[in-house]
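Take a look at the structure below.
When a residue number appears, it is its place in the shown sequence, counting from 1.
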Amino acid sequence: MHAHSDLALLRDPDHSAKAAQGVTLEVLGQDGLSYAPVDERTLAEVRRSITGWNGDGSDIDFDWRTVGEYLDRLDRNFGGQGIAVNAAYLVPQGTVRMYAVGWDDRPATDAELTRMKQLVAQSMAEGAVGMSSGLTYTPGMYADDAELTELCRVVAEHGGYYCPHHRSYGAGALEAYEEMVQLTRSAGCPLHLAHATMNFGVNKDRAPELLTLLDRALDTGADISLDTYPYTPGCTTLVAMLPSWASEGGPESILSRLADDATAERIRHDVEVVGSDGCHGVPIEWDAIEISGVSVPGLGDFVGRTVAESARLRGEAPWVTARRVLQDDRLGTTILQHVGHEENVRQIMRHRVHTGGSDGILQGDKPHPRAYGTFPQYLGRYTRELGILTLEECVAHLTSRPAARLRLADRGLVREGYRADLVLFDPETVAAGSTFDEPRTLPAGIPHVLIDGRFVIEDGKRTQVLAGRSVRSTDAPTR
């Protein structure tokens with residue numbers, strides 16, 4: 001339910017990172033930033049802004065501009081054979097705002113709001129299943145609730161759902177969850193909470209408060225679901241930690257501010273002392289920020305170390321190291337953020353509207369192991385070993401519940417007449433092979449995976465079959 005394979009599916013016919021886990025469908029376009037709908041300017045800007053998620057795309061022929069064209073490209077990829085697994089798409093609100101408004105931190109004009117609503121409506125009509133936001137990422141975070149509500153009304157009119165990475169997972173997390181619940185109820189739009197975690201020291205042991213908030217809304221008629229990954233660290237880009245004011249204007253403006261000593265000192269104060277909105281309102285802990293990937297090969301020595309550790313080795317303050325890496329890597333650095341709480345993870349995954357999502361970023365020398373291990377981790381560690389879920393519950397969390405949220409009438413259950421998207425696994429041996437030290441190790445105990453009745457994994461090995469296609473909203477035209 002939460003994947004970052006937007007370009008990986010186009011460049012990698014194997015895609016065992018997901019296929020070997022038993023993933024038969026990924027939901028792309030997450031966190032408000034992806035590659036459609038765009039014009040020439042927006043495409044160049046979004047490629048630059050999420051290099052850390054998907055690479056710079058220099059190996060991709062960006063021969064699409066609309067959501068429909070992107071979904072068509074998935075279907076005709078690799079000489080018309082398709083892609084490794086099925087894919088659905090969320091129209092990314094941050095990209096839409098980038099397209100219509102730019103990178104300014106201000107309310108949209110009436111004309112700009114009308115243009116954004118048109119882009120969302122067109123994207124939904126072309127097959128998007130909903131809309132995502134990244135409300136700690138620029139420029140999407142510059143939208144106020146009134147703007148988001150108007151866009152969510154369009155999504156609801158087309159039968160889709162809203163999937164926000166909301167405004168804080170740290171200080172003010174509960175208020176941020178409540179904001180999304182109230183916003184979507186006002187808009188009449190179903191809500192799916194992306195990577196629903198309670199992170200940072202301020203939220204230790206506070207998962208019950210979140211679940212009470214959700215239960216109260218559900219019991220009074222709200223349409224809510226959520227996804228989580230079964231790990232405590234998060235994963236994002238290093239530039240995302242900066243305050244939103246430092247990101248106004250886009251990537252080149254960020255680099256200009258970092259190059260100016262006085263402005264860089266102001267950024268440092270916001271990040272280290274105040275707690276920037278990019279870091280969820282919590283002062284950053286440099287010993288919790290591990291660099292997992294860089295775009296410039298010469299910076300490889302930073303990978304696998306925390307910023308604090310690299311700073312000690314260099315005999316300098318952590319901010320000096322972080323600033324240097326941001327500049328030298330042209331903002332393309334990915335990080336692991338070790339700020340989660342195991343008890344919160346366990347309690348949230350047991351909730352009645354929970355589904356599984358990897359949030360798996362595949363870039364970097366040492367990506368988060370969730371990219372390769374989320375679903376066997378659920379089945380092996382949290383079901384068989386810890387008993388947090390029963391086997392039947394776990395399977396439902398990963399299959400029928402997501403299919404219901406996506407309104408897929410012929411997937412998610414083993415039933416006559418349904419698509420033969422099937423995973424055959426051994427409940428006694430299924431396990432994630434990926435670890436933080438060896439994050440690209442494939443799982444065990446999943447010998448067979450079929451998509452549309454065709455083996456993509458057979459006897460534990462990836463076949464050459466490309467059975468994946470775009471899966472579009474039910475009101476989109478058949479292609």
Side-chain angles (χ1 to χ4, degrees), residues 6 27-43 45-46 49 64-72 88-167 179-194 222-223 244 248 250 405-407 472-477:
D6 306 48
V27 185
L28 314 177
Q30 298 286 352
D31 295 324
L33 291 166
S34 190
Y35 306 94
V38 293
D39 57 10
E40 294 299 321
R41 172 189 60 81
T42 308
L43 176 60
E45 291 175 349
V46 77
S49 63
W64 68 87
R65 294 297 178 267
T66 68
V67 167
E69 290 169 350
Y70 172 72
L71 296 176
D72 288 345
Y89 190 79
L90 297 165
V91 55
Q93 170 261 331
T95 300
V96 167
R97 195 173 216 273
M98 196 185 305
Y99 193 136
V101 181
W103 289 83
D104 295 341
D105 183 3
R106 60 170 175 81
T109 66
D110 289 345
E112 289 166 344
L113 180 57
T114 296
R115 181 60 176 138
M116 285 190 282
K117 291 168 69 174
Q118 291 170 343
L119 289 167
V120 172
Q122 177 184 342
S123 299
M124 293 297 300
E126 291 174 350
V129 295
M131 181 178 76
S132 74
S133 282
L135 298 180
T136 65
Y137 300 130
T138 53
M141 69 189 301
Y142 299 143
D144 60 20
D145 283 3
E147 179 180 313
L148 294 172
T149 299
E150 287 298 304
L151 298 181
C152 282
R153 288 195 174 111
V154 176
V155 173
E157 289 169 2
H158 288 267
Y161 66 92
Y162 182 42
C163 180
H165 164 131
H166 52 267
R167 297 192 193 275
E179 175 191 8
M180 295 298 100
V181 171
Q182 295 305 321
L183 187 155
T184 49
R185 296 197 79 171
S186 175
C189 185
L191 173 64
H192 181 85
L193 294 164
D223 184 353
S244 58
E248 188 175 4
R405 169 50 78 211
L406 295 168
R407 298 191 303 146
R472 310 185 190 212
S473 59
T474 55
D475 60 346

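The side-chain heavy atoms of R407 and V129, taken from C-beta on, include no pair separated by under 4.5 Å. At least one side-chain heavy atom of L193 sits under 4.5 Å from a side-chain heavy atom of L191. Between M98 and L33, the closest side-chain pair of non-hydrogen atoms falls below 4.5 Å. Taking the side chain as every heavy atom from C-beta outward, V67 and Q122 never approach each other to under 4.5 Å. Residues Y142 and T138 have side chains in contact (heavy-atom distance under 4.5 Å, counting atoms from C-beta outward). Counting heavy atoms from C-beta on, the side chains of M131 and C152 come closer than 4.5 Å. Put simply, the side chain of S132 does not reach to within 4.5 Å of the side chain of D31, judged on heavy atoms. You'll find the side chain of E126 stays beyond 4.5 Å of the side chain of S473, heavy atoms only.
Aromatic ring centres of Y162 and H192: separated by at least 6.0 Å. Taking the six-membered ring for Trp and the full ring otherwise, the centers of Y70 and Y35 sit at least 6.0 Å from each other.
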(message) Between T114 and K117, is the side chain to side chain contact (heavy atoms under 4.5 Å, CB included) condition met? List the steps.
(response) CA-CA 5 Å; T114 296; K117 291 168 69 174; 5.6 Å; no
(message) One pair to check against side chain to side chain contact (heavy atoms under 4.5 Å, CB included): D72 and W64. What are the steps and the verdict?
(response) CA-CA 9 Å; D72 288 345; W64 68 87; over 6 Å; no
(message) Could you walk me through whether H165 and T136 satisfy the side chain to side chain donor-acceptor pair (under 3.5 Å) test, starting with their C-alpha distance in whole Å, then the side-chain angles of each, then the deciding distance to 0.1 Å, before giving a yes or no?
(response) CA-CA 7 Å; H165 164 131; T136 65; 2.7 Å; yes
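Salt bridge status for D145 with R167: present, with a side-chain N to carboxylate O gap under 4.0 Å. Under 4.0 Å is where a charged nitrogen must lie from a carboxylate oxygen, and between R97 and E112 no such pair does. A salt bridge links R41 with E45: the distance from a Lys NZ or Arg NE/NH1/NH2 to an Asp or Glu carboxylate oxygen falls below 4.0 Å. With respect to E40 and R65, a salt bridge is recorded, a charged nitrogen being found less than 4.0 Å from a carboxylate O.
The two residues G188 and A156 have their closest heavy-atom pair at O-CB, 3.3 Å. Closest approach of M116 to A108, counting heavy atoms only: CE-CB, 3.6 Å. Across A36 and P92, no two heavy atoms sit closer than the pair O-CD, 3.1 Å.
Evaluated for a side chain to side chain donor-acceptor pair (under 3.5 Å) with S133, the options H166, Q30, Q93 yield exactly one hit, Q93.
Not one N or O on the side chain of E150 forms a donor-acceptor pair closer than 3.5 Å with the backbone of E147. Side-chain N or O atoms of T95 include one that pairs as donor or acceptor with a backbone N or O of S34 at under 3.5 Å. A donor-acceptor pair is defined here as one N or O able to donate and one able to accept, closer than 3.5 Å; no such pair exists between the side chain of D105 and the backbone of E248.
For D39, the CG atom is densely surrounded, since the number of other residues' heavy atoms within 6.0 Å is greater than 12.
With Y161 as the aromatic partner, R405 meets the cation-pi criteria of under 6.0 angstrom to the ring centre and within 45 degrees of the ring axis.
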